Amino acid sequence: MIPPMTTATMILALVVVVALAFDFTNGFHDTGNAMAASIATGALSPKGAVTLAAILNLVGAVLSVEVALTVSNAVVNIQDSKGLPKAELMANGGTMLLLIVFGGLVGGIIWNLFTWLLGLPSSSSHALLGGLVGGTIGALGFAGVKWAGDGSKIDGVIGKVILPSLISPVIAMIVAATATRLIFMITARVEDKFREGRFRWGQVGAASLVSLAHGTNDAQKTMGVITLALVAGGSVSATDVYVPLWVKFSAATAIALGTYLGGWRIIRTMGKGLVDISSPQGLAADASSATVILASSQLGFALSTTHVATGSIMGVGIGKKGASVRWSVAGRMVAAWAITFPAAAVMGAVMYWIAAGIGGILGPLVVFLLLVGLSFYMWKRSRVNAVDHKNVTDEWHDGSKPEVAVAAHDVIDPHHELDAPQPAGPAAH
Amino acid sequence: MNMIPLALDGAWKVLVAGLLLGAGLPVLYAFAVRGLAMARGAGAIIGEQTAKPFGKVIAWVLLLVILLAVSYGISFIVATGIGKVVTFDHILPWFVDKPKK
């Protein structure tokens, strides 16, 4: 029997569409996490890098079988301990829960597009969780948010969002800086050209691992959100939750296509804006990202791939003497990290209010059109100073150029002193 | 607020694992590159004219170790994806169901 097309069913359809759209933005927002370093050092061509990343994301996403229904459970009280929607939200074909998720996803997408426009590598997980928290606040007030859990384990907004975002970039930075320092000590006597060439191989390997890990982690989140919506809408039985095959494949495809599109603006910031990377540094950054991400997920420590990857890249800048981190770029990025969660939450709440305020199917449709309009506007804006695979690795100009003369040499280089730049201005004799 | 010590406890472990593998493997790789450079001799090593072929042997042994570690990494990602964990209970790594919490 085909159920009649109720309002709830139509909202459900919209939720699935925006969830896949979010997954797509998640893909291109995070291409740089795995591939920025390889593109910057020329280990892979820009097109080759995004193709490899897309394939590995697809493989990673298809491999994820485990239901990630509890993704949102860490930060909002809309599900029970098994991840099923709470009974009180299930009235009217689960409309309220659907609208929370809908508002949250739209909020997350808008923030992801905005930060992409600015070329800032902000966390897609934070955008998603922030949006969902906002939608929940819109529907249930602040009481609907799980701020700190019950304190017995790492949970809630503080435990799953704030603490990891403070800690994980620092860990990645320490690991990457240590690796960089040691690599240059060990290979001090190896000719630059030989070293640069040999390290590219290792770099591509490490970058591939990051991509694969990203596919398993992030696509699973979208699959979880879609499945949650399907349970709320009654399409998937609440007593026997499974991720329908079409959900899995469409989510995997969406993230892979997004990755293939390549968030060139963000790749540019990460690969060229922060630090000028050589291939040994690239290997150090990617190896650090891969291990920190994997070790954290093994220990059940939530984190954002983006925070780890950017932490690693800053680390290789710190670890190589003479290389410099453009702190102005880093500062802008950290500011974006800090406001991603609250900003996505505000958007999520506003979107929920518009959708629920107008009500019926009209409300969600208005929000959907708003999303389409804003997306189009931001895309249009991005054409003004377009970044694509052709100019992604151009020299970085923003007035805070690192001292190139020094950056070309490393710590142990005996000629280092001779190559140090002369102080600017009238020389003091 | 018990969460900060809990989080720091987790962070500590991630840092140790990160330094062992995330910095350790690149260090092995760096030694392998140095081995390859020694085997090449002139043009690859600064101030060295004679090639030392045993450098290649060292390099390949190190690369093998790295490959083994990386395949563990991949099997771990795959295991997480299909809801299993990798154990070393039987010496050889194998996939088992995730222990219920």
Side-chain angles (χ1 to χ4, degrees), chain A residues 60 62-66 148-149 151-156 158-159 163-164 167-168 170-172 174-176 178-180 182-191 194-195 198-199 202 205-206 209 212-213 216-217 220 280 283-284 287-292 294-301 312, chain B residues 1-38 40-48 59 63 66-67 69-74 76-86 98 101:
Chain A
V62 171
L63 281 174
S64 359
V65 175
E66 207 182 12
S152 65
K153 56 182 170 54
I154 302 172
D155 202 11
I158 298 177
L163 286 179
I167 298 172
S168 62
V170 178
I171 296 178
I174 297 172
V175 173
T178 311
T180 306
L182 293 173
I183 286 174
F184 281 108
M185 274 167 64
I186 294 163
T187 60
R189 287 182 58 226
V190 179
E191 295 278 3
F194 187 86
R195 178 169 60 198
R198 291 306 179 279
F199 268 96
L209 271 183
L212 194 63
T216 26
N217 277 315
Q220 220 167 26
L283 170 71
S288 157
S289 299
T291 43
V292 171
L294 291 176
S296 306
S297 58
Q298 173 128 57
L299 293 164
F301 194 62
S312 294
Chain B
M1 195 75 225
N2 307 319
M3 237 186 316
I4 291 177
L6 273 176
L8 287 180
D9 190 45
W12 178 242
K13 289 178 191 154
V14 175
L15 180 62
V16 171
L19 285 174
L20 279 178
L21 295 168
L25 293 177
V27 161
L28 294 187
Y29 195 88
F31 277 116
V33 169
R34 185 161 147 180
L36 289 175
M38 282 165 62
R40 172 77 64 88
I45 287 259
I46 297 169
E48 184 69 59
L63 290 175
I66 295 169
L67 274 182
V70 170
S71 22
Y72 169 65
I74 294 173
F76 174 72
I77 298 173
V78 173
T80 319
I82 56 178
K84 305 214 174 234
V85 288
V86 179
K98 208 180 205 171
K101 283 177 192 142

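A note on names: the letters A, B, ... follow the listed sequences, proteins ahead of strands, and every chain is numbered from 1. None of these values were measured; they are calculated from a predicted model.
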Which heavy atom of [X] sits nearest a heavy atom of [Y], and at what distance?
X: Val33(B); Y: Phe194(A); value: O-CE2, 3.7 Å
X: Ala295(A); Y: Ala17(B); value: CB-CB, 3.9 Å
X: Gly22(B); Y: Ala179(A); value: O-CB, 4.0 Å

Legend entry - Toward chain A, the part of Leu25(B) with a non-hydrogen atom under 4.5 Å: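 Looking at Leu25(B), nothing touches chain A.
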Legend entry - Result of checking Ile167(A), Val175(A), Val292(A) against Leu15(B) for side chain to side chain contact (heavy atoms under 4.5 Å, CB included):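 Going through Ile167(A), Val175(A), Val292(A) one by one, the side chain to side chain contact (heavy atoms under 4.5 Å, CB included) with Leu15(B) is satisfied by Val175(A) alone.
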Legend entry - Partner residues of Thr180(A) under the side-chain contact (heavy atoms from CB on, under 4.5 Å) criterion, sequence neighbours left out: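 For Thr180(A), the residues satisfying side-chain contact (heavy atoms from CB on, under 4.5 Å) (neighbours in sequence not counted) are Phe184(A), Gln281(A), Ala284(A), Val316(A), Lys320(A).
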Legend entry - Counterpart residues, side-chain contact (heavy atoms from CB on, under 4.5 Å), relative to Ala30(B) (two or more places apart):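 Per chain and number, Ala30(B) pairs via side-chain contact (heavy atoms from CB on, under 4.5 Å) with Ile183(A), Ile186(A), Thr187(A), Phe199(A).
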Legend entry - Non-hydrogen side-chain atoms of Arg40(B) and Arg198(A) separated by less than 4.5 Å: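 Arg40(B) vs Arg198(A): side chains touch.
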Inset, instruction - Might you confirm whether atom CZ of Phe31(B) has over 12 heavy atoms from other residues, nucleotides or ligands at distances under 6.0 Å? - result: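 Atom CZ in Phe31(B) is not packed in, count stays at 12 or less.
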Inset, instruction - Just give me the residue among Leu20(B), Val27(B), Leu63(B), Ile66(B) that pairs up with chain A most often, heavy atom to heavy atom, under 4.5 Å. - result: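 Sorted descending by pairs with chain A, the first entry is Val27(B).
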